[in-house]
Amino acid sequence: MPELPEVEVAARNLRRWGEGRRVRAAGCSEPRILDAVVHVGDKVRTEPVDPAALGALVGTRLGGVERLGKNLLLAFKRGRKPAVGVWSHLGMTGKWLRRAPADPPPRFSRVRLDLEGGVTLHYVDMRLFGFFRLVPDAGFAALPALAALPPDPLAGGIDTARLTARFARIGKPVKVALLDQTLVPGVGNIQDSEALWRAAIDPRRRASSLTPAEVRRLARAVIASFRHTLRAFAADGADGGGADIEYVEEPGTRNPFRVYDRAGIRCPRCHVGTITRIVQAARSTYFCPRCQK
DNA sequence: ACCCGTGTTCGCTG
DNA sequence: TCAGCGAACACGGG
């Protein structure tokens with residue numbers, strides 16, 4: 001599921017469910033999902049840790065939830081001081097769910113956090129491509145992998161001059177290039193196809209061939225697609241202001257995408273071309289060969 | 001049984 | 001040295 005819009009939904013849910021609450025207990029049923037940031041001199045490494053390391057969370061309070069691209073950053077505090085952070089990446093199949101403490105864990109629950117007030121959070125991830133990473137002192141700013149990312153597109157917009165300069169040095173197809181999280185954090189394989197379709201740019205063109213005007217159009221299209229998907233989740237997910245936002249593959253929700261996984265339909269813009277699936281870098285791309293130039 | 005998959009990293013090659 | 005490419009990770013669903 002998770003590209004930027006889904007991760008934004010997860011961030012909002014976690015704030016609503018858990019912000020301000022103290023951690024009573026923490027457990028992990030799948031150690032492969034767990035690791036921790038370790039500082040060695042001025043180097044930063046990650047290494048696997050035992051589930052017992054989750055003990056660092058017990059007694060702390062969830063102080064804040066931030067999202068940067070597809071990364072969720074949870075800061076836990078003791079009193080006013082940062083105690084420990086969790087860098088949660090949802091990988092391909094990750095999600096956060098809320099349950100009552102006595103409920104059976106959801107299938108593929110990997111980490112559970114029992115919070116005060118009868119709230120139990122489960123980090124669920126069938127395929128284990130995500131991670132649950134402990135960060136000493138919630139010192140996210142000191143992590144090179146996060147520092148390398150530009151501001152989140154929904155919070156800080158997209159620096160199109162910078163993006164144009166980066167694209168100019170990339171020979172790969174623009175569709176493949178845009179999956180690099182250091183360009184526009186949060187774009188995944190679906191939003192990539194959606195944004196290129198909105199911008200009417202052929203996904204097969206080399207990134208270096210885009211004009212500055214086209215890069216600006218693409219940047220606007222990325223943000224428009226993010227917002228459109230986010231609105232669709234909120235509307236479809238029976239949220240309406242109260243209930244939890246759900247995910248697209250769950251029953252009763254509509255596929256909000258214009259071209260992704262829609263090979264064979266008439267193009268929703270030109271109504272002449274046929275949405276076509278091609279494979280680039282071993283990933284599906286959907287586009288309209290007639291109006292994407 | 002076989003192929004596919006919303007993400008990311010690693011190793012090989014030119 | 002590095003951009004680019006394919007494989008690998010894990011596991012359910014069609």
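Note that the structure is predicted; figures quoted are calculated from it, not measured.
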Which whole-number value in Å describes the distance from A:L68 CG to B:dT8 P? 12 Å

Distance test, side-chain N/O of A:K172 to OP1/OP2 of C:dA3, below 4.0 Å: no

Assign A:Q181 to base, sugar-phosphate, or nothing according to its heavy-atom contacts below 4.0 angstrom with the strands shown. sugar-phosphate

Any A:H89 side-chain nitrogen or oxygen under 4.0 Å from OP1 or OP2 of B:dT8: yes

If only side-chain N and O atoms of A:R166 are considered, is one of them under 4.0 Å from the OP1 or OP2 phosphate oxygen of C:dA3? no

Nearest-angstrom distance, P atom, C:dA10 to B:dC10: 15 Å

Please report, rounded to the nearest Å, how far the P atom of B:dT8 is from the CG atom of A:L178. 13 Å

Does A:E116 come within less than 4.0 Å of A:R21, counting only side-chain N to carboxylate O? no

Interface with DNA chain B, restricted to residues 123-134 of chain A and to heavy atoms under 4.0 Å: A:R127, A:F129

May I ask you to evaluate whether A:T93 reaches the phosphate of C:dA10, defined as a side-chain N or O under 4.0 Å from OP1 or OP2? no

Can we say A:R133 and A:D35 salt-bridge, meaning some charged N sits less than 4.0 Å from an Asp/Glu carboxylate O? yes

Value for SG (A:C28) from OH (A:Y123), rounded to nearest 0.5 Å, stands at 10.5 Å

Among the clusters formed by ILVMFWY side chains lying less than 4.5 Å apart, do A:L68 and A:L4 turn up in the same one? no

Before accepting this row, confirm whether a basic side-chain N of the pair A:K81/A:D137 lies closer than 4.0 Å to the acidic partner's carboxylate O. no

If you round to the nearest 0.5 Å, how far is CZ of A:R262 from CG of A:N255? 4.5 Å

A:R269 NZ/CZ over A:W197 ring centroid, <6.0 Å and within 45° of normal: yes

A:E8/A:R12 salt bridge by N-O under 4.0 Å criterion: yes

Send over the distance from A:F257 CZ to B:dG5 C1', rounded to a whole Å. 14 Å

Using whole Å, report how far CZ of A:R283 lies from P of C:dC5. 15 Å

Taken to the nearest whole Å, CG/A:L183 to P/C:dA3 is 12 Å

What distance do A:E214 atom CD and A:L196 atom CG have between them, rounded to the nearest 0.5 Å? 10.5 Å

What's the CE-C1' distance between A:M92 and C:dA8, to the nearest Å? 12 Å

Go ahead and write out DNA chain B as dot-bracket, 5' to 3': ( ) for pairs within the strand, [ ] for ones crossing earlier pairs, | when the partner sits on another strand, dots for unpaired; Watson-Crick or G-U wobble, both distances under 3.5 Å. .||||.||||||||

At under 4.0 Å between heavy atoms, what does A:R169 touch on the DNA or RNA strands: base, sugar-phosphate, or nothing? nothing

Round to a whole Å and report the spacing from CD1 of A:I33 to P of B:dT8. 14 Å

For the atom pair NZ (A:K175) and CD (A:Q292), what is the distance rounded to the nearest 0.5 Å? 11.5 Å

Nearest whole angstrom, please: distance from the C1' of C:dG4 to the CD of A:Q280. 14 Å

